[in-house]
Amino acid sequence: MKHHLMLGAASAALLLLAAAPALAADLAPTEAADTTAVDAIIVIGQGQSRQVQTLKDEAISLEAAGTSPLKAIDKLPGVTFQSADAFGAYEWSTRISIRGFNQGQLGFTLDGVPLGDMNYGNHNGLHISRAITNENIGRVELAQGAGALGTASTSNLGGTLQFFSRDPSEVFGGQMNVTGGSEGMYRVFGRIDSGAIEQLGGLRGYASIVSQSTEKWKGGGDQKQFQYDLKAVLPLGENGSLTAFYNGSQRREQDYQDLSFEMIKRLGRNWDNTQPNWALAVAAGRAYLTGTALPAPFATVDDAYYAGAGVRDDELYGLALKLPLGETAKLDLSAYGHANQGQGLWYTPYVPSPGFGTVGSTAAPLSIRTTEYDIDRKGVTGGITVDLGAHQVGMGFWGEKNTFNQARRFYAETAAAPSRNPLDFQENPFFTQWQYRFVTDTLVAHIEDTWTVNDALKVNFGFKAMEVTNSVQRIAGNPLAGEIESKSSFLPQIGFVYKAMPDLEFFGGYTENMAAYVSAATSGPFASQNQAAVDYITKTLEPETSKTFEGGLRYRTDRFQGVAALYHVTFENRLLAASTAAPILGLPAVLSNVGGVETNGIELAGEYKLTDNWSVYGAYTYNQSEYQDNVVNGSGVVTARTAGKEVVNTPKNILKGELKFELAGFYSKLGVAHTGERYYTYENIGGQVDSTTVADLTLGYRFDGETWGKGLEIQANITNLTDEDYISTIGSGGFLNNDAAGTGQTVLTAPPRQFFLSIKKAF
């Protein structure tokens, strides 16, 4: 019954979207425009030649405290997002796809600073949940196509997400938020704004700090984060500024066990790693190593490990100058840096601790296996825009040098009791399996002209050129050296906006893009860790490319704003790494080009203000992404029959709806998201995940300032309102060719209904 109710609510939102223009004409008299105008927290890209939406900070603040902005933008058309936690911040499980492109094929920036591809175990950036505290995000801009030419990304074959931090306030003040809720969750956030200091030329800044901790919703273990953000802005003249920021993050999160359909059927959706039952993990490891019967309820040693965890320390900093150059030009110049140390670890039964099996040894029949990361990035971006009347010409560049060290190590444990904390950085390994140093040099430049033909028509055209060089140096492990280059001197982008009427505009565009190779020992051209394979790959591999056509219309009145867009995307030279074993073994995959993908789709989105107090938002996406070729090995043998099959983790139908209400300090939001069936198998044989419909509810009250003082607010959030039992993340252990038996250990179940309460106070 609840499925029908939720679907009915989402369908009603879509029907209102379709009927909104007519309703606006009937219900919105001109004299009421000032009091009933759409006060949108989603801005649907007026004046843009591409499909673009902007999500304001008010939308993020309505989510449960600590919620990733990735989960907040899930309401936008074309977007699919999953996570195995209520906040969408658990990095092993977060997956975002846009128009059939997965997370590693999208672009991400923060205030123009590149965040890399934001994949887990990232080699060239960091996740947005570590780059900045959620409460300090000012807005998020999504371009479902390849994004603007000046975006600092070499992975944005598909969409681009640009995050922008809030500016420091002109007035002295601060904010304190305290949150508690399900699974012992607590979050404390504090920020203080200096206000404009006239004695220092109007310098203003803020400093914030946040601490969050929650127990896992199943199994044992915790997920914790500590962050601090610093930002300062110094005005320079009338229109210039110098901005500096320094953000730090310490993230400690324990993992959920990857499951299979067979495991869920046999062990239940709440099955997880064995922590805190150390004895069971030791018994399973001993049985595996000695060839004896596994303890109940294990069917295989991979049913559960003791624990897994991700440990990350990051520092992200930058300096940005904005300066007018006379009356017709302006300069933007910035420099940034990023330092990261990280470990991803599992308690593996495949490698025992040294001494296990010898008389009198206290060694455990398992060890801790880590993948260790060390990133040191430094870069510069710059651009000049010149206003020549009807033409606005812009040109810019981005250069970065990234040194990435990656290693696989093993650490000993004792049989009687665990001697190490999985949330600590591990020290004193007994074995380094491999370690490599990667250097990536990136240089991108672009030029663009926006031509205002007349009052109704605006055209933009330009191109970018990019050159990315990846090299590898062996420190430990198999001998390995080599260099590979991704290079293109002409990646064009053209577009137009035509204002047919004051309320109606048409837009369209075409973009070509290319993705640079990944430099890592666990993905990309060097992941085979075999010199002969790397020599062959560097001579034969081609970088992935995309060509995107999109067009549509936008309509806006006092009560309604909406967009309808059509798109066609061809994706060529798709790279596929053939997995050779279970993820826990960590064996490398071999990379090759395996053909292309063709995508066609339609996106609809709109927001309608029913009355002064009620508003409704709806978005619908139909996306058809299909592989165009079978996967063929070097001998011409078909290894995967993928031609004509649906792209993994890409539902055809996505439907989102929100109903909001505000009156006399009280506010509420009901959000509903329907996601169609998805596959985690390339051949679409087995591995189909059922469609889901999930609802979240927000209730809050802003107290009267005269009685309670400035900015007192209380907010309650209920995630997964109907307690839906469903699979959220797929492909957590990689995508498979086929899985008719349902034994692929690569899915994660969603958390049950959870409750959170926040008290917020401004001063």
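The analysis underlying the following values was restricted to heavy atoms, covering all of them including side chains, and did not include hydrogens, waters or symmetry mates. What you are looking at is a predicted structure, and each value in this text was computed from that prediction instead of being measured.
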Q) What's the spacing between Leu126 CG and Asp314 CG if we round to 0.5 Å? A) 5.0 Å
Q: Answer yes if the side chains of Arg95 and Thr729 hold a donor-acceptor pair under 3.5 Å, and no otherwise.
A: no
Q) Under 4.5 Å between any side-chain heavy atoms of Glu413 and Ser367, yes or no? A) no
**Q.** Gln426 versus Arg420, side-chain donor and acceptor atoms under 3.5 Å
**A.** yes
**Q.** Expected output: side-chain Arg312 to main-chain Gln343 donor-acceptor under 3.5 Å
**A.** yes
Q. Quick one: side-chain hydrogen bond (donor to acceptor under 3.5 Å, both in side chains) partners of Gln754, sequence neighbours excluded?
A. none
Q.
Set out, in order, the CA-CA distance, both residues' side-chain angles and the distance that settles side chain to side chain donor-acceptor pair (under 3.5 Å) for Arg678 and Asn649, then state yes or no.
A. CA-CA 5 Å; Arg678 302 166 285 146; Asn649 197 28; 3.2 Å; yes
Q: Look at Asp222 together with Lys216 and state whether they make a salt bridge at an N to O cut-off of under 4.0 Å.
A: no
Q.
I'd like to know whether the aromatic ring centres of Tyr517 and Phe526 sit less than 6.0 Å apart in this structure.
A. no
Q.
I'd like to know if the side chain of Thr522 pairs up with that of Gln406 as donor and acceptor (distance under 3.5 Å, no hydrogens or angles considered).
A. yes
Q: Keeping the roles fixed (side chain from Gln227, backbone from Gln250), state whether a donor-acceptor pair exists under 3.5 Å.
A: no
Q) Is the shortest heavy-atom distance from the side chain of Ile73 to the side chain of Val79 under 4.5 Å? A) yes
Q. Under 3.5 Å, is there a donor-acceptor pair linking the side chains of Gln473 and Tyr436?
A. no
Q: Answer yes or no: is there a side-chain heavy-atom contact under 4.5 Å between Asn270 and Trp217?
A: yes
Q: Check the pair Thr749, Ile264 against side chain to side chain contact (heavy atoms under 4.5 Å, CB included), reporting the backbone distance first and the verdict last.
A: CA-CA 9 Å; Thr749 52; Ile264 294 173; 4.0 Å; yes
Q: Anything under 30° is parallel, anything over 60° is perpendicular, the rest tilted; go ahead and classify Phe298 against Trp271.
A: perpendicular
Q) Quick one: do the Asn684 and Gln688 side chains pair a donor with an acceptor below 3.5 Å? A) no
Q: With the side chain counted from C-beta on, respond yes when Leu106 and Ile96 share a heavy-atom pair under 4.5 Å apart, and no when they do not.
A: yes
Q. Does Arg377 reach the main-chain N or O of Pro114 with its side chain, forming a donor-acceptor pair under 3.5 Å?
A. yes
Q: Check whether any side-chain heavy atom of Phe755 lies under 4.5 Å from a side-chain heavy atom of Leu697, and answer yes or no.
A: no
Q. Quick one: does Asp723's side chain have a donor or acceptor within less than 3.5 Å of a partner on Asn720's backbone?
A. no
Q.
Could you tell me if Arg252 sits above the aromatic ring of Tyr90, with its cationic atom closer than 6.0 Å to the ring centre and no more than 45 degrees from the axis?
A. no
Q | Short side-chain to backbone donor-acceptor contact, Gln435 and Gln433, under 3.5 Å | A | no
Q | Gln105 side chain vs Ala515 backbone, donor-acceptor pair below 3.5 Å | A | no
Q. With no hydrogens and no angle check, is any side-chain donor or acceptor of Ser260 less than 3.5 Å from a backbone partner on Gln745?
A. no
Q) Is the CZ atom of Arg641 crowded by more than 12 outside heavy atoms at less than 6.0 Å? A) no
Q) Is it the case that Lys645 places NZ or CZ above or below the six-membered ring of Tyr682, under 6.0 angstrom from the centre and within 45 degrees of the axis? A) no
Q: Hey, could you give me the CD1/CD1 distance between Ile137 and Ile128, rounded to the nearest 0.5 Å?
A: 4.5 Å
Q.
Rounded to the nearest 0.5 Å, what separates atom CG in Asn340 from atom CG in Asn402?
A. 10.0 Å
**Q.** For Pro354 against Ala363, the heavy-atom pair lying closest together
**A.** O-CB, 3.2 Å
Q: Identify the two heavy atoms, one from Gln103 and one from Asn119, that lie closest to each other, and give their separation to 0.1 Å.
A: CB-OD1, 3.7 Å
(Q) Are Asp313 and Arg251 packed together at the side-chain level, in the sense that at least one heavy-atom pair is separated by less than 4.5 angstrom? (A) no
Q | Where Ser93 and Ser83 come nearest, the two heavy atoms and their spacing | A | OG-OG, 3.1 Å
**Q.** Geometric class of the Tyr246/Tyr228 ring pair [parallel <30°, tilted 30-60°, perpendicular >60°]
**A.** parallel
Q: Give a yes or no on whether the backbone of Leu748 and the side-chain of Ser728 come within a donor-acceptor separation of less than 3.5 Å.
A: yes
Q. Does the side chain to side chain donor-acceptor pair (under 3.5 Å) test come out yes or no for Asp258 and Ser732, once each step is laid out?
A. CA-CA 7 Å; Asp258 295 322; Ser732 58; 2.8 Å; yes
Q. Sub-3.5 Å donor-acceptor pair from the side chain of Asn273 to the main-chain atoms of Tyr305, do we have one?
A. yes
Q: Could you tell me whether Glu372 and Arg409 have a side-chain N and a carboxylate O separated by less than 4.0 Å?
A: yes
Q. Could you give the distance from CG (Asn122) to OG (Ser523), rounded to the nearest 0.5 Å?
A. 9.0 Å
Q) Is there a side chain to side chain donor-acceptor pair (under 3.5 Å) between Asn136 and Ser208 once you walk through the steps? A) CA-CA 8 Å; Asn136 291 331; Ser208 74; 2.8 Å; yes
Q | Side-chain H-bond candidate by donor/acceptor type, Gln257 with Asp272, under 3.5 Å | A | no
Q) Hey, is Arg187 close enough to Glu135 for a salt bridge, meaning N to O under 4.0 Å? A) yes
Q.
Quiz question: by atom type and distance under 3.5 Å, do the side chains of Ser155 and Asp117 form a donor-acceptor pair?
A. no
Q: State, to 0.1 Å, how close Gln254 and Pro422 come at their nearest heavy-atom pair, and which atoms those are.
A: NE2-CG, 3.6 Å
Q.
If you apply the rule ring-ring contact (aromatic ring centres under 6.0 Å, His included), what do you find for Phe431 with Tyr411, and how did you get there?
A. CA-CA 7 Å; Phe431 176 49; Tyr411 297 81; over 10 Å; no
Q | Tyr680 versus Asp739, side-chain donor and acceptor atoms under 3.5 Å | A | yes
Q: Decide whether Gln82 and Thr94 meet the rule of one side-chain donor and one side-chain acceptor closer than 3.5 Å.
A: no
Q: To the nearest 0.5 angstrom, please state how far the OG1 atom of Thr440 sits from the CD1 atom of Ile484.
A: 11.5 Å
Q) Taking atom types as modelled, is there a side-chain donor on Asp376 or Thr403 under 3.5 Å from an acceptor on the other? A) no
Q.
Surrounding OH of Tyr536 (heavy atoms of other residues, nucleotides or ligands, distance under 6.0 Å), is the total greater than 12?
A. no
Q: Could you walk me through whether Asp302 and Tyr350 pass the side chain to side chain donor-acceptor pair (under 3.5 Å) test, one step at a time?
A: CA-CA 10 Å; Asp302 291 316; Tyr350 291 100; 2.7 Å; yes
Q: Describe, in one word, how the ring planes of Tyr306 and Trp278 are oriented to each other, choosing from parallel (under 30°), tilted (30 to 60°) and perpendicular (over 60°).
A: perpendicular
Q. Rounded to the nearest 0.5 Å, how far does CG of Leu115 lie from CG of Leu110?
A. 5.5 Å
Q) Counting N and O atoms only, with roles assigned by atom type, does the side chain of Glu183 sit under 3.5 Å from a partner on the main chain of Thr214, one being a donor and the other an acceptor? A) no
Q. Got Phe438 and Ser471 here, is their nearest side-chain heavy-atom distance under 4.5 Å?
A. no
Q: With the side chain counted from C-beta on, respond yes when His127 and Leu70 share a heavy-atom pair under 4.5 Å apart, and no when they do not.
A: yes
Q. Can you name the closest pair of heavy atoms from Phe756 and Ala64 and give their distance?
A. CD1-CB, 4.0 Å
